[in-house]
Peer 1: 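Got a structure for you, written out below as structure tokens; questions coming shortly.
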Amino acid sequence: MTEKITKQRVKVLLTLLLIAGFFTSNAPAALASEGGGGTGYGAAPATAPASPDDSDCKDESASKKDANVAYKLYANLKTVPEPEKAFSTNVSASIRDPKAIPAASLKPRASTAPMTAGEKFGLFLSKSFRPPGPYVQSIASGMFNEALDNNVGKKDTAGDFFADSMTRAARSFGNRIANNFFEKFAYATILRQDPRYHRSNKKGAGAKIGYAISRVFITQGDRSGDQPNISYLAGGLTGAAVSNYWQREENRTVSKTFSRWGTHIAIGALSNILREFLGGQ
């Protein structure tokens, strides 16, 4: 194809694609639906109806005699205490009726337990390679950056545009892998910090957004409370430096390295905001 591509239209489409990429990578996993209520759980069997009166079939004198004998036998029996019930009425009712259990106890909660080194390595693999999030974001980032490239005298055909976009997407994918390795595994393991995002219980959009942005700079320690988020900040800077190996020569300067690091922090803050409102870690 030799037609020129209109970059203004591409920018709008790629902005929407980037937003879709954030949703695919940060949206929470669907929760399993809870079973319905009903009274079918351990319902007590209905009391058997009383047997019909068959006194008409017995002789009246025989009935009186049987009653006397039964009374004497009953009077001679020793009273046996009734055994204590293993479960209280309230607990039994809760078992039979799930609606009696508070709704909060039925909902699964995000894990806040400290992660092992193996779990942190698994998180790095998931965030870097588990489709579709990393691939959608890398392709969208490559196309977006190519659309912003306004080199003087450059005349791109559609084929050239997509070829250059995929080259940029490959670099973006490499950057993501390097950042995730140092942030979510290497530094998080050495410094014993939690690389996950933990949502707040704050009310109001402003409070939630403020908390989400703050978690770029503050994180939870494996053995204590909040700590400076060195694993994320240092990991992103290390990843930006490592990515110089596959960047174009003009992008290997110190200023370009810090520029990539700053962009990464801004994207991390946006990602936290999406997690705060949509869920996920």
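No experiment lies behind these values; they were computed from the predicted model shown. In what follows, residues are counted from 1 in the order of the sequence shown.
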Peer 1: For the backbone of Q193 and the side chain of K120, can you confirm whether one donor and one acceptor N or O come within less than 3.5 Å of each other?
Peer 2: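 Yes.
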
Peer 1: Is a side-chain donor or acceptor of S172 paired with a backbone partner of R168 at a separation under 3.5 angstrom?
Peer 2: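 Not confirmed, S172 side chain does not pair with R168 backbone.
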
Peer 1: Kindly determine whether S271 and R275 satisfy side chain to side chain donor-acceptor pair (under 3.5 Å), including the steps that lead there.
Peer 2: CA-CA 6 Å; S271 180; R275 292 190 183 101; 3.1 Å; yes

Peer 1: Tell me if the CZ atom of R171 is crowded by more than 12 foreign heavy atoms within 6.0 Å.
Peer 2: yes

Peer 1: Partners of T253 by side-chain contact (heavy atoms from CB on, under 4.5 Å), sequence neighbours excluded?
Peer 2: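 In terms of side-chain contact (heavy atoms from CB on, under 4.5 Å), with neighbours along the sequence ignored, T253 is linked to S255, K256.
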
Peer 1: Could you tell me how the ring of F173 sits relative to the ring of F129: parallel (under 30°), tilted (30 to 60°) or perpendicular (over 60°)?
Peer 2: perpendicular

Peer 1: With sequence neighbours excluded, tell me which residues meet side chain to side chain donor-acceptor pair (under 3.5 Å) with S200.
Peer 2: E276

Peer 1: Go through the steps to decide whether M143 and F162 satisfy the test side-chain contact (heavy atoms from CB on, under 4.5 Å), and finish with yes or no.
Peer 2: CA-CA 7 Å; M143 297 178 69; F162 285 106; 3.4 Å; yes

Peer 1: For K184, give me all partners under salt bridge (charged side-chain N to carboxylate O under 4.0 Å, His left out), at least two apart in sequence or on another chain.
Peer 2: none

Peer 1: What distance do T189 atom OG1 and E119 atom CD have between them, rounded to the nearest 0.5 Å?
Peer 2: 10.5 Å

Peer 1: Using only atom types and a distance under 3.5 Å, with no angle test, would you say the side chain of T219 pairs donor to acceptor with the backbone of D194?
Peer 2: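 Yes; judged by distance alone, with no hydrogens or angles, the pair exists.
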
Peer 1: Which residues satisfy the ring-ring contact (aromatic ring centres under 6.0 Å, His included) test with F258, sequence neighbours excluded?
Peer 2: W261

Peer 1: Mind jotting down which residue pairs meet the ring pair (Phe, Tyr, Trp, His ring centres under 6.0 Å) criterion with at least one end in residues 212-255? Sequence neighbours excluded, please.
Peer 2: Y232-H264

Peer 1: Please give me the minimum heavy-atom distance between S128 and P134, naming the atom from each residue.
Peer 2: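 Closest pair (atom of S128, atom of P134, distance): O-CB, 3.4 Å.
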
Peer 1: Through direct or indirect side-chain contacts below 4.5 angstrom among Ile, Leu, Val, Met, Phe, Trp and Tyr, which residues connect to L123?
Peer 2: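 ILVMFWY cluster around L123 also holds M115.
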
Peer 1: Just jot down the side chain to side chain donor-acceptor pair (under 3.5 Å) partners of D226, sequence neighbours excluded, or say none.
Peer 2: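 Only R215 meet the side chain to side chain donor-acceptor pair (under 3.5 Å) criterion with D226.
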
Peer 1: Which residues pass the salt bridge (charged side-chain N to carboxylate O under 4.0 Å, His left out) test with E249, not counting sequence neighbours?
Peer 2: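 Checked E249 against salt bridge (charged side-chain N to carboxylate O under 4.0 Å, His left out); zero matches.
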
Peer 1: Should we say atom CZ of R130 is surrounded by more than 12 heavy atoms from elsewhere, each under 6.0 Å from it?
Peer 2: no

Peer 1: Supply the atom-to-atom distance I177 CD1 to L125 CG, rounded to the nearest 0.5 angstrom.
Peer 2: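 Result: 10.0 Å between the selected atoms.
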
Peer 1: How long is the straight-line distance from CD1 of I209 back to OG of S214, given to the nearest 0.5 Å?
Peer 2: 12.0 Å

Peer 1: What do the steps show when you test N244 against R260 for side chain to side chain donor-acceptor pair (under 3.5 Å), and what is the final call?
Peer 2: CA-CA 10 Å; N244 284 325; R260 287 194 299 273; 2.4 Å; yes

Peer 1: My understanding is that a hydrophobic cluster links ILVMFWY residues whose side chain heavy atoms are under 4.5 Å apart, including indirect links. Using that, what else belongs to the cluster containing Y197?
Peer 2: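 Members alongside Y197: Y211.
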
Peer 1: Side chain of T238, backbone of A234: donor and acceptor closer than 3.5 Å?
Peer 2: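 Indeed, once roles are kept as given, a pair shorter than 3.5 Å links the two residues.
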
Peer 1: I'd like to check the side chain to side chain donor-acceptor pair (under 3.5 Å) partners of S138; sequence neighbours left out, ordered by chain and number.
Peer 2: R176

Peer 1: Run the ring-ring contact (aromatic ring centres under 6.0 Å, His included) test against F181 and tell me which residues pass, sequence neighbours left out.
Peer 2: F124, F185

Peer 1: Using the side chain to side chain donor-acceptor pair (under 3.5 Å) criterion, which residues pair with N229? Sequence neighbours excluded.
Peer 2: S231

Peer 1: Atom CG in L270, atom CD1 in I213: separation rounded to 0.5 Å?
Peer 2: 9.5 Å

Peer 1: Using every non-hydrogen atom in the two residues, find where A240 and T257 come nearest and quote the distance to one decimal.
Peer 2: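 The answer is CB-O, 3.7 Å.
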
Peer 1: Supply the atom-to-atom distance I265 CD1 to L237 CG, rounded to the nearest 0.5 angstrom.
Peer 2: 8.5 Å

Peer 1: Nearest 0.5 Å please: distance from the OG atom of S259 over to the CG atom of N251.
Peer 2: 9.0 Å

